[in-house]
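One structure is given below, encoded as structure tokens.
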Amino acid sequence: MQCAQIQINHDYVGLRTRHDFHPQFPSFATCSKELKECSGHVFVDSVPEFCLPETELIDLSTVDVILISNYHCMMALPYITEHTGFSGTVYATEPTVQIGRLLMEELVNFIERVPKAQSASLWKNKDIQRLLPSPLKDAVEVSTWRRCYTMQEVNSALSKIQLVGYSQKIELFGAVQVTPLSSGYALGSSNWIIQSHYEKVSYVSGSSLLTTHPQPMDQASLKNSDVLVLTGLTQIPTANPDGMVGEFCSNLALTVRNGGNVLVPCYPSGVIYDLLECLYQYIDSAGLSSVPLYFISPVANSSLEFSQIFAEWLCHNKQSKVYLPEPPFPHAELIQTNKLKHYPSIHGDFSNDFRQPCVVFTGHPSLRFGDVVHFMELWGKSSLNTVIFTEPDFSYLEALAPYQPLAMKCIYCPIDTRLNFIQVSKLLKEVQPLHVVCPEQYTQPPPAQSHRTDLVIDCQPPATSYRRAEVLTLPFKRRYERIEIMPELADSLVPMEIKPGISLATVSAVLHTKDNKHVLQPPPRPAQPTSGKKRKRVSDDVPDCKVLKPLLSGSIPVEQFVQTLEKHGFSDIKVEDTAKGHIVLLQEAETLIQIEEDSTHIICDNDEMLRVRLRDLVLKFLQKF
Amino acid sequence: MDHECARLLPAVCAVLADPRQPVADDTCLEKLLDWFKTVTEAESSLLLLQENPCLLELLSHVPTLQDVSAGVLSFSLRLAGIFAAQEDCFQYLQVELLPGLFGAAGPLSRAVWAVPTVRSGWIQGLRSLAQHPSALHFLADHGAVDTVFSLQGDASLFVASAAGQLLVHILALSMGGRAEGHTCPQGDDWPTCAQKIVGHIEESLCSTDTSRVTQALNVLTTTFGRCQSPWTEVLWEQLSPLVARLLERDPVPAPHPLVDLLLCVARSPVLGSSDLGPWEMTAQALSRLGPTQAGPLALGVLKLHLCPQALRTQAFGVLLQPLACVLKATTQAPGLPGLLDGTSEDSVVADALLSSKSSCVGLLCRTLAHLEELQPLPQHPSPWPQVPLLRAVVTILRLCDGSAVPASSVGGCLCGTLAGCVRVQRAALDFLGTLSQGMGPQEQVTQVFAILLEYLERPDSSPMVLKKAFQATLRWLLSSARTPGCSGLGPHAVLFLPELFPVLQKRLCSPCWEVRDSALEFLTQLSRHWGGQADFRHVLLESEVPELTQQLLQDPESYVRASAVTAMGELSSRGLHATPTSPEQPEVQQSLLPEFLHILSADSEGFPRRAVMQVFTEWLRGGHADVARDTERFMATVLQVVSRDLDWEVRAQGLELALVFLGQTLGQPGPHCPYTVTLPKAAPPSPLTEVLGALCRVRLFEFAFRALFDCDRPVAQKSCDLLLFLRDKTAPYGSPWEAGGSPDSASVEAALQRWQAGEQGQPLGDLEPEAMLATLRSIDLEGLRGTLAQGSDHVEKSPQSLLRDMLATVGILQENQADCY
């Protein structure tokens, strides 16, 4: 039997490129070339490096399947598929793969544009690192951090992905069936159901109940779960996305009216579609229709076009537009009317078309690489300009740190449409799983707001929580397996009703087990005497089988049994009660009949005739199948 | 009853009595009953029945019909009741007809009784006929009171309620003869009928069935609310021990009706001031009832003008309990001594707050609403705990936005429950606004402004919460300005405004139209109050608010455009509206007039156009420079645009503008009070010929005459008033053209006739003032006003029309039936 292991990859790739630490650091001289100071903070000057998913706890070469929930969760995939000996299958939906490819392509492009020969490594020395200030000294497993993958690795990783559609049932080695469901968070984002015939586990990650562009979340299919693993909730539970969009628009309008420019560091897909849609409605009402919107990314064009072709993965409203036919997203119209222009980089056409004041959407939201760096340097010195952070993945203060002092205004409107705690409570009430399993952070208020008892998962029974690298045993046991009976075998069965509603039949069959599928096949016919000269056929090549004995059931009433014995000429019968039943002693024949609940033994001294006689008397009291 | 009605009545009665001719529309039966009620108020019912035997036939025939419709049977019961209300008619009917309708042999014993309409008709019929002592005997003889008792628990709430009301009426009627002057007998000497009802109430009050207790309490509440006679005192004396016993039960049954009864008794002039006043029982109720029920009782007690001080103190304590609980849960240090010192212990209130989110939210909202209602009343508790109340409401707002730090587990729980709760935020902001009347210590006012600013700034504030925050802010700014020794803006406002305007700017740019609208309304109010204050002007002009407001004149949402028009109109009146047109002339403001005229003529929605007209009217009244520069041209342009407007409110507002113009040219319209001392009339500012010439030039006559025949009645009425005013103003001067003979007004009158006939398209053309004046004098404006004052359905409302309609409907129904075959 093959054993399937499933690795659900939901870790984000952490960016750990520049960290603050104080110049008083005693071994400053040893790694001074790696360090740069800026406004009282010291940064590591290096090629960007990335923190990899956990590899020590689990040997990735033994993992059979990886399920990808959404395109934000797959950024580490090349590290796994290309460097760990992983040889399994990766499942994801088509938009996840396509947009994931765009995100990786952009990342690789941004990093390869500004090549650096050396990675900083001296500061990673443990003796040095422990002396560094937080958060640098708290960074974990710095030695495992790796440089960015190449496009070749990306392509190779993506080629290992098998595409799946919502509600498609995928058999994994016959052991379990997995099914992706719409999670409502992003184009093609999925929750997963992992089920056997008798058990069901739901894995909920990065889901949204808000009405944005993706297909709504499929809640109904999550019902009747034995266990619901819950992760990927909003990172900013106190910020309501609607309010944040309002804040985004208002600040954008105020800046542009004053003649300032707006910089929006963002990913090339996802929330940007909603922001563009919102601006499409807003700019006219705010009298900003003449202000150009620029979207600069190596994948800008593909991202905008891809979004328009994934009609089946969109919400109902957008789907219905396709039949009109109209482009589902209004950014098509913005492009048509020249209000939105997109460029692969700031070089080339952009420099000719560029006019201010304007709004620029570009990456990377960490502000460590990509075209955003140029705009930060270009506009950072004027207080007329504003940078608006909308991606919740990075601390905006950390992102801005190397640019200080900064005159431009900074607005933080994180837009995270994933489930908040109120929505989770409603979801769990609706879905009613028997057990909920979630990260420990969701079971206690955030450390900075310890009084906010509303910011925890509220469910009955209380959720089982886990910490990083903790191995949990899910609170259910597999008790049953489903076995199929071949039709011809089923035909031959003669059920006997032993209780009203319950019938029994004896089955004599061969249990055939392959790929975790169990099938009862008819028993082989008794071996025919071979004609010797005839050639043996393959189908006859089955193990020989003895003549089947009937199965017995029922119980032996001791008193009646004794009377029967007496009738048959046995005398001097003595009955003794034991803990498990009775012993009938035939003193004259020096024979013992031991009657227990599930067995009867006849013990006599080498008198086979007597034993058979007694056996037949015992059998009279039992039913045979 | 007029002849025509009398002629139609037999046919209508025949229709009603014929089950094959169902009456499709129940409302005509209601109208018919209303009409009979009016007729019987003026005439003798007996005579009416004798003159129209068809009525008696109908009433005697309907109860005997097997397949009578429930509606017609109910109608007959009610009609019989209306007739029998007069004693002579009652005597006439009681022998045969009334027992057949209201007795045991009537509908009571038939299957149709199961229809609620019939039971309701039976009760209402009895309610009408029970007007005289003879009726009481009738009720007693036919066991009607017992039926009413049972109907109190009817499945239909309307029937049950009507039954309770009828019992009260019968009780009052049976005690009626004893109300005046004499010493009121004790309960044992009361009439049998009254004793029976009181006995029933007593039994119900002792019942363990809560619905019976509720019925009894409701009957008592209605009785004490309606009857102020001395016998009610005896009744209360007799029943109050039973009511008091209800309070000893656990849980107290029917708490809401009990609270209503106690408050009703307390308000009663007979009972409230007597020795038997309900004070002790109310005090007991305040301590026994849960916070949800005790709150309304406490509020009711505090609203009373006469009430023992101890009870008022207790009631106020009850009302403040939830807030005390909130303060206790969030305060580390002991609070101020007094009712909200945070030391009081009431686990019941805490339990209610913690039991569930809905219970917590409901209790806090009710408490805040009660206190808001109480605060402006002259009898509100004194001293008013302004300081702790401010602290409590600020704390609640902080709990709602998640910034409060709880001091206990209760606080932690409250924090979780209230975070982001819009209902509580709205209630708290409303109450905070009300508290502005009392101000508070410097430090606390600063805290209030801080929390208001926080709410105005928060991206998560819902549009409704923001609106409330704007309203509360305005009230606090107004109060701050009333600080003794303060002229203009108060000290807090001066500090607050520079922080407020960036927020206001942001809100004016909100993608949510409700927010933009609220922000504009707030700006209008600010400018109205402080547009003349240097500090305010400075902060406003430093900001981008005027430009943003002007930009919103093009907003896609019509409500926002309307609010922007109002705001810009206000800013412009104060010289605050726009950026300089050129660097050379920084003081000159760009005129808004062309932009407003464009909105008036081109905006597709009515709201912005109405707003423009209101602004124009204000500008004309206030002598705005843009208007005063060439008023005649302004008026001519506006009236020309408005006369074509499809929105009647815009046209009506146009007449208002014309009236202001007339007032300015001819003198103000005088008050219409007949007792006003008539002052010598001031001469109009210009000679009449000149004035009339001006009116002709601005085409005011044409506008007003056209409006006179407007298809919307309010416009025609307003025009009529305006022309009457104009005629009265010009009357003392006679005709300036008398010497020249009668002017030719024929063409004007011909045009008016065409307009009246609906041909509105043709213009009046250029005509001389004398022709206009002659036309004005020739129109019967008083007659027209009388016609317009009548409802447009005055013809259709007549009884003849009703009777004809009923007959016609039946005819149509018959035709339809025929079609079916």
Side-chain angles (χ1 to χ4, degrees), chain A residues 236-260 262 274-275 277-289 384 386 388 390 409 411-415 420-423 425 444-446 448-458, chain B residues 329-330 354 357 398-422 457-463 465-466 502-516 519 543-545 547-548 550-557 560-561 564:
Chain A
I236 325 282
T238 50
N240 159 18
D242 274 345
M244 287 301 152
V245 169
E247 198 73 357
F248 171 82
C249 290
S250 310
N251 283 298
L252 183 144
L254 280 175
T255 305
V256 175
R257 273 180 216 283
N258 269 340
V262 176
D274 297 322
L275 287 180
E277 181 155 3
C278 185
L279 286 178
Y280 168 78
Q281 291 160 352
Y282 178 70
I283 52 175
D284 286 337
S285 69
L288 303 174
S289 19
L384 286 177
T386 306
I388 308 182
T390 55
K409 283 194 284 289
I411 306 290
Y412 183 55
C413 328
I415 299 169
N420 63 28
F421 290 98
I422 297 170
Q423 291 161 343
S425 297
Q444 43 201 287
Q449 290 167 299
S450 54
H451 60 284
R452 293 294 298 268
T453 50
D454 54 321
L455 302 183
V456 295
I457 287 183
D458 177 23
Chain B
T330 49
L354 300 179
K357 179 164 180 162
R398 291 207 177 284
L399 283 168
C400 289
D401 76 358
S403 64
V405 180
S408 64
S409 60
V410 179
C413 188
L414 279 177
C415 204
T417 309
L418 295 180
C421 178
V422 172
E457 269 177 345
R458 281 184 65 208
D460 281 357
S461 293
S462 81
V465 168
L466 257 181
V503 179
L504 193 57
Q505 264 168 224
K506 200 173 77 179
R507 294 303 181 188
L508 288 173
C509 293
S510 169
C512 174
W513 73 263
E514 290 94 335
V515 173
R516 299 196 295 274
S543 76
E544 293 160 47
V545 166
E547 290 87 345
L548 288 170
Q550 187 153 8
Q551 181 72 51
L552 291 175
L553 291 174
Q554 269 96 46
D555 199 276
E557 185 59 49
V560 178
R561 291 200 298 278

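Proteins get letters first, then strands, A, B, ... in listed order; numbering begins at 1 in each.
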> Is there a side chain to side chain contact (heavy atoms under 4.5 Å, CB included) between B:E544 and A:R257 once you walk through the steps?
Replying inline: CA-CA 9 Å; B:E544 293 160 47; A:R257 273 180 216 283; 4.3 Å; yes
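- Using a 4.5 Å cut-off between heavy atoms, B:Q551 touches chain A through its side chain atoms alone.
- In terms of heavy atoms, A:L254 sits closest to B:L548 at CD2-CD1, 4.0 Å.
- Remark: side-chain polar atoms of A:H451 are not paired, donor with acceptor, to backbone N or O of B:C415 under 3.5 angstrom.
- The most heavy-atom pairs under 4.5 Å with chain B, out of A:T238, A:V456, A:N251, A:N258, come from A:N258.
- Side chain of B:D460 to main chain of A:N240: a donor-acceptor pair is present (N/O by atom type, distance under 3.5 Å, no hydrogens or angles).
- Atoms CD1 and NZ, from A:I422 and B:K357 in turn, are 6.0 Å apart once rounded to the nearest 0.5 Å.
- Between B:C509 and A:C249 there is no side-chain heavy-atom pair separated by less than 4.5 Å.
- Taking both residues in full, the closest heavy atoms of A:R452 and B:G402 are given as NH1-CA, 3.5 Å, listed atom of the first, atom of the second, then distance.
- No donor-acceptor pair under 3.5 Å is formed between the side chain of A:T453 and the backbone N or O of B:C413.
- Distance check, rounded to the nearest 0.5 Å: CD of A:E247 to CD of B:E457 gives 8.5 Å.
- Nearest heavy atom pair, residue A:V245 against residue B:P511, reads O-CG, 4.3 Å.
- By the ring pair (Phe, Tyr, Trp, His ring centres under 6.0 Å) test, A:Y282 pairs with no residue at all, sequence neighbours left out.
- Under the salt bridge (Lys or Arg N to Asp or Glu O under 4.0 Å) criterion, B:R507 pairs with no residue, sequence neighbours left out.
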